[in-house]
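What follows is one structure encoded as structure tokens, with my remarks underneath.
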Amino acid sequence: MQSNKKNKCKVCGEWKANPPYDVCYNCSQQTRGASRGGRSQSFGGTIPDKCTMENFYLPESGCLRPEIFLKEAETLADIFMNAKPSMSQSSIRSMFGMLKSTERRIKHEKEFHIDCVREVYYRFIRHCEYQNKRNIIPDMFLDFANKHREIATRDKDQFRGFVEYLTSIMARMKTKPK
């Protein structure tokens with residue numbers, strides 16, 4: 001029996017009509033349309049709704065959601081690597097380091113205040129905007145950061161969940177762009 005994976009779009013995960021192509025018709029059209037005129041950004045600069053988390057934890061157990069480690073992380077890694085400008089681990093390494101060091105402080109300093117967490121996340125957003133204007137990171141990465149702003153700054157646990165999600169995405173990205 002033939003694998004169904006070949007019939008799914010690499011970007012959005014939806015079924016595609018033409019198996020020889022990596023992406024579905026809609027994603028293909030968004031890529032083409034976005035590259036006309038000015039700075040090119042593939043996929044219209046937005047991320048699929050299924051990749052935006054409203055809670056990083058399972059309500060039943062309080063454990064991190066499996067999709068932040070697996071499917072959605074893989075989807076976003078593919079999107080970010082295929083974006084224009086092309087994105088790699090090194091494109092976001094300095095921004096990621098800022099978040100990771102704060103996560104470590106939360107783990108070790110019991111009295112680490114949520115306002116400090118928020119400040120770090122807002123700096124992360126500011127750095128994303130700057131790197132986006134310099135054409136280092138694509139619009140969709142800035143969109144990803146902005147869509148998770150509310151949840152990542154809600155409390156320390158949700159911030160740590162966001163850092164885990166970003167870690168999973170980076171783990172699936174190539175170190176150098178195509």
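Quick caveat, the model's predicted, so the values are computed rather than measured.
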For Leu99, is there any backbone N or O sitting under 3.5 Å from a side-chain donor or acceptor partner on Tyr121? no

Common cluster, Val163/Met98, ILVMFWY with side-chain heavy-atom separation under 4.5 Å: yes

Holding to side chain to side chain donor-acceptor pair (under 3.5 Å), I want the full list of residues that pass it with Arg118, two or more places apart in sequence or in another chain. Asp115

Can you name the ring-ring contact (aromatic ring centres under 6.0 Å, His included) partners of Phe159, sequence neighbours left out? none

Just how far is it from atom NZ of Lys133 to atom CD of Glu129, taken to the nearest 0.5 Å? 6.0 Å

Which value, rounded to the nearest 0.5 Å, describes the distance between Met95 atom CE and Ile136 atom CD1? 9.5 Å

Rounded distance (nearest 0.5 Å) linking atom CG of Leu76 with atom CE of Met81: 11.0 Å

Path from Phe56 to Leu58 over hydrophobic side-chain contacts below 4.5 Å: no

Contacts of Ala77 meeting side-chain contact (heavy atoms from CB on, under 4.5 Å) (sequence neighbours excluded), chain-then-number -> Ile169, Arg172, Met173

Set out, in order, the CA-CA distance, both residues' side-chain angles and the distance that settles salt bridge (charged side-chain N to carboxylate O under 4.0 Å, His left out) for Lys100 and Glu103, then state yes or no. CA-CA 5 Å; Lys100 192 67 177 169; Glu103 182 209 23; 2.8 Å; yes

Hey, does Asp49 have a side-chain heavy atom less than 4.5 Å from the side chain of Lys147? yes

Run the side-chain contact (heavy atoms from CB on, under 4.5 Å) test against Lys50 and tell me which residues pass, sequence neighbours left out. Pro48, Lys71, Glu72, Thr75

Are the side chain of His148 and the backbone N or O of Phe162 linked by a donor-acceptor pair below 3.5 Å? no

Atom pair NZ/CD of Lys107 and Glu109 - distance to nearest 0.5 Å: 13.0 Å

With a 6.0 Å cut-off (strictly less than), is the heavy-atom count around CZ of Phe112, excluding the residue itself, greater than 12? yes

Looking only at heavy atoms, which two atoms of Ala145 and Cys128 are closest? And how far apart? CB-SG, 4.1 Å

State whether the side chain of Asn132 and the backbone N or O of Leu142 hold a donor-acceptor pair below 3.5 Å, judged by distance alone. no

Check whether any side-chain heavy atom of Leu70 lies under 4.5 Å from a side-chain heavy atom of Ser168, and answer yes or no. no

Residues Ala73 and Ile68: closest non-hydrogen pair is CB-O, 3.4 Å

Taking the side chain as every heavy atom from C-beta outward, state whether Arg160 and Tyr165 have any pair of such atoms under 4.5 Å apart. no

Check whether any side-chain N or O of Asn82 sits under 3.5 Å from a backbone N or O of Asp78 as a donor-acceptor pair, and report yes or no. yes

Phe96: what forms a ring-ring contact (aromatic ring centres under 6.0 Å, His included) with it, not counting sequence neighbours? none

For Arg65, give me all partners under salt bridge (Lys or Arg N to Asp or Glu O under 4.0 Å), at least two apart in sequence or on another chain. Glu67

Verify the cluster assignment for Leu166 and Tyr130: are they in a single hydrophobic cluster under the rule of side-chain heavy atoms below 4.5 Å apart? no

Got a sec: does the CD of Glu111 have more than 12 other heavy atoms crowding it under 6.0 Å? no

Say you draw a straight line from NZ of Lys156 to NZ of Lys110; how long is it, rounded to the nearest 0.5 Å? 8.5 Å

Name all residues meeting the side-chain contact (heavy atoms from CB on, under 4.5 Å) criterion together with Glu54; count only those two or more places apart in sequence or in a different chain, and write none if there are none. none

Please name all residues satisfying salt bridge (Lys or Arg N to Asp or Glu O under 4.0 Å) with Glu164, sequence neighbours left out, ordered by chain then number. none

Taken in chain and number order and not counting sequence neighbours, the residues that satisfy side chain to side chain donor-acceptor pair (under 3.5 Å) with Arg104 are none

Arg123: partners by side chain to side chain donor-acceptor pair (under 3.5 Å), with sequence neighbours left out: Glu119

Is the number of heavy atoms from other residues, nucleotides or ligands within 6.0 Å of CD (Glu150) greater than 12? no

Closest approach of Ile47 to Asp143 (non-hydrogen atoms, all atoms of both residues): N-OD2, 3.1 Å

Apply side chain to side chain donor-acceptor pair (under 3.5 Å) to Asn146 and list each qualifying residue two or more places apart in sequence or on a separate chain. Arg149

Qualifying ring pair (Phe, Tyr, Trp, His ring centres under 6.0 Å) pairs with a residue from residues 66-93, counting only residues at least two apart or across chains: Phe80-Phe141, Phe80-Phe144

